[in-house]
Every structure is written in C-alpha cells, then in structure tokens.
Amino acid sequence: MNVKTAPKQSKPGKSPRESCYDKSYFDKWYRDPGHRISTAASTLRKAAMAVGVAEFFLGRKVRQVLDVGCGEGQWQPALMSLRPGLHYTGIDSSEYAIRRFGKTRNLRKGSFGNLPALRSTYDLIICSDCLYYIEDAELIAGLQILVAHLEGIAFLEVYPSEIALEGDTSGMVPRPLAFYRKLFRNVGLISCGPHCYAPLHLHEEVTPAERGWL
C-alpha cells in the first residue's frame with residue numbers, strides 16, 4: 001500500500017518540534033494537484049468516519065473536538081458541515097496557520113511537547129498526518145496528556161515503517177508497528193476502527209469482533 005504524506009520541513013536553527021510551516025508549504029502539500037496529500041473531499045470522508053465511530057460508542061452527538069497538529073485546520077470546515085453545533089479547537093506550531101486561520105477556525109499555537117491549556121474532556125481528538133514526525137519522548141508524553149482528556153474516540157493516523165510511503169519522507173521518524181502497538185496499549189487505548197482508538201472507560205463498549213490489532 002502506498003500512502004502520500006507531507007514532509008515536515010524545519011527552518012534553519014530550529015528543531016522539528018519548533019518548525020514553522022509557511023503558506024508555500026501548505027500551498028504545495030495541500031493545494032497543488034501535483035503534490036497534495038489530501039483534498040477537501042478526502043478530509044470530509046475521514047471526518048465523517050471519525051465522527052460516526054465516536055458517536056457510535058458515545059451514544060450521542062459529538063460536541064467537543066480537539067485537533068493536534070492541525071496545520072491550517074483543514075478538518076474544521078469538514079466537521080462543521082457534519083455537526084454545525086460542535087466546538088472545534090486546533091493546535092499547531094505554524095505561525096502562518098495561526099495568523100491566517102486562528103480566529104476563523106479557532107486555532108491555537110502549540111505542539112505535542114508544548115500543549116496549551118486543554119478543556120476537561122473531548123469527544124473526539126484528532127492527530128492526522130503528524131505523529132510520525134514527532135520524536136519518541138515528545139510523542140509518549142503528549143499522548144499521555146491527550147488520552148487523559150479523551151472522553152470519546154481518538155483518531156490517530158499512523159503509518160508504521162513496514163508500509164511503503166509515497167512522496168518526500170524527509171523528517172519522518174520511522175517506527176515499526178510493534179512500537180505503536182506497545183505505546184497505545186501502555187496509554188490505555190484499543191483500536192476500534194480505521195485509525196480510531198477507544199480509551200479505558202470505553203473498553204467494555206468495544207466487542208472483541210470490533211477490536212483491531214490492539
């Protein structure tokens with residue numbers, strides 16, 4: 001299976017965690033037909049699936065959504081079209097994205113290693129196309145914090161090193177499937193759908209037939 005991923009490019013003198021992605025980066029990897037790794041339609045399909053899984057296990061509509069590593073907040077319009085009344089918060093390290101979409105899409109400056117103050121809980125937490133660019137220590141610490149604030153389902157998009165990735169993979173941290181299995185299990189998550197994971201308090205709601213590789 002080939003999967004397109006956007007490279008995370010850092011400015012000189014800055015670590016990947018502190019990288020700032022400008023307009024040209026998002027123009028190339030999210031709008032240029034020759035390079036883009038997603039479209040509005042593909043984002044909407046992901047959003048519809050993630051919302052559906054979360055609502056299935058919660059037994060109610062999704063109301064609070066947190067999107068970490070959100071970029072320009074591409075998920076926000078998709079989610080609002082599905083559930084106009086939900087509250088969306090996006091977190092990203094890009095100064096450009098915060099300046100351009102901060103007010104209109106409720107984006108806040110931050111990263112996995114430097115999360116801003118969070119609400120008590122979220123019905124859906126999204127980490128799309130970002131986990132495999134984060135160093136191990138930061139990933140583990142940040143995920144533990146996010147799971148502590150997870151009421152419903154986490155959409156954690158990961159592609160282990162066993163998968164052949166298409167596109168520029170510079171800046172990626174290669175990790176085998178076994179790493180993610182152990183990490184997610186250690187923080188109390190079980191898989192319950194495509195890139196979807198349930199926290200401890202929902203484990204009994206996920207039948208053995210619905211569970212994936214965790």
Side-chain angles (χ1 to χ4, degrees), residues 3-6 8 21 23 25-27 29-31 36-94 96-112 115-134 142-143 145-159 189 191-199 201-202 205-206:
V3 180
K4 282 190 175 182
T5 63
K8 296 294 185 181
Y21 312 115
K23 183 177 182 297
Y25 168 85
F26 290 99
D27 282 343
W29 295 106
Y30 290 87
R31 285 181 279 276
R36 65 189 178 195
I37 48 87
S38 68
T39 63
S42 65
T43 300
L44 180 60
R45 288 196 299 272
K46 288 182 182 180
M49 185 272 297
V51 167
V53 173
E55 293 182 343
F56 176 78
F57 289 108
L58 286 170
R60 59 171 174 79
K61 289 187 176 181
V62 165
R63 296 190 288 260
Q64 299 288 344
V65 177
L66 177 66
D67 187 356
V68 181
C70 67
E72 294 180 327
Q74 292 90 348
W75 279 62
Q76 192 267 359
L79 289 165
M80 296 304 294
S81 71
L82 295 167
R83 297 291 181 270
L86 67 74
H87 185 273
Y88 171 94
T89 300
I91 297 174
D92 200 84
S93 63
S94 170
Y96 152 75
I98 303 303
R99 183 175 63 253
R100 174 67 178 82
F101 294 101
K103 291 184 178 180
T104 57
R105 295 182 177 177
N106 194 35
L107 309 187
R108 301 165 64 187
K109 185 73 179 294
S111 66
F112 249 76
L115 290 167
L118 302 177
R119 298 179 65 94
S120 57
T121 59
Y122 297 88
D123 301 325
L124 174 62
I125 293 179
I126 302 160
C127 299
S128 178
D129 191 31
C130 69
L131 295 184
Y132 26 77
Y133 299 107
I134 303 170
L143 193 57
I145 294 172
L146 294 179
V147 171
H149 290 270
L150 180 60
E151 175 68 19
I153 296 302
F155 178 87
L156 307 175
E157 195 170 24
V158 298
Y159 296 104
L189 294 174
S191 57
C192 58
H195 298 297
C196 292
Y197 303 89
H201 67 271
L202 288 179
E205 303 296 325
V206 185

Nearest 0.5 Å, please: how far is [atom2] in [Y] from [atom1] in [X]?
| X | Y | atom1 | atom2 | result |
| --- | --- | --- | --- | --- |
| Arg108 | Asp92 | CZ | CG | 13.0 Å |
| Tyr88 | Leu66 | OH | CG | 8.5 Å |
| His149 | Thr121 | NE2 | OG1 | 9.5 Å |
| Gln76 | Ile126 | CD | CD1 | 10.5 Å |
| Leu143 | Ile125 | CG | CD1 | 9.0 Å |
| Phe112 | Tyr133 | CZ | OH | 14.0 Å |

Of the non-hydrogen atoms in [X] and [Y], which two are nearest, and what is the gap between them?
| X | Y | result |
| --- | --- | --- |
| Ile153 | Phe57 | CD1-CD1, 4.0 Å |
| Leu115 | Gly142 | CD1-O, 4.2 Å |
| Ala47 | Ala78 | CB-CB, 4.0 Å |
| Ile91 | Ser111 | CG2-N, 3.9 Å |
| Leu150 | Tyr197 | CD2-O, 4.3 Å |
| Pro199 | Gly152 | CD-O, 2.9 Å |

Heavy-atom side-chain proximity of [X] to [Y] below 4.5 angstrom:
| X | Y | value |
| --- | --- | --- |
| Phe155 | Pro194 | no |
| Trp75 | Cys70 | no |
| Glu55 | Val62 | yes |
| Glu157 | Cys127 | no |
| Ser42 | Arg45 | yes |
| Val65 | His87 | no |
| Arg100 | Ser94 | no |
| Leu146 | Leu118 | yes |

Hey, which of Gln64, Lys61, Arg60, Arg63 is the one that makes side chain to side chain donor-acceptor pair (under 3.5 Å) with Asp123?
->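 Only one of Gln64, Lys61, Arg60, Arg63 forms a side chain to side chain donor-acceptor pair (under 3.5 Å) with Asp123, namely Arg60.
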Margin query: For Glu72, is there an ion pair with Arg105 - N to carboxylate O distance below 4.0 angstrom?
Written below: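 Salt bridge absent between Arg105 and Glu72.
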- Taking the six-membered ring of Tyr96, is the NZ or CZ of Arg99 close enough (under 6.0 Å from the centre) and on axis enough (within 45°)?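 Ring-cation test returns no.
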What do the steps show when you test Cys130 against Val68 for side chain to side chain contact (heavy atoms under 4.5 Å, CB included), and what is the final call?
CA-CA 8 Å; Cys130 69; Val68 181; 5.7 Å; no
- [ ] Fit a plane to each ring of Tyr132 and Tyr159, take the angle between them on a 0 to 90° scale, and name the class: parallel (under 30°), tilted (30 to 60°) or perpendicular (over 60°).
- [x]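 Plane angle between 30° and 60°, so tilted.
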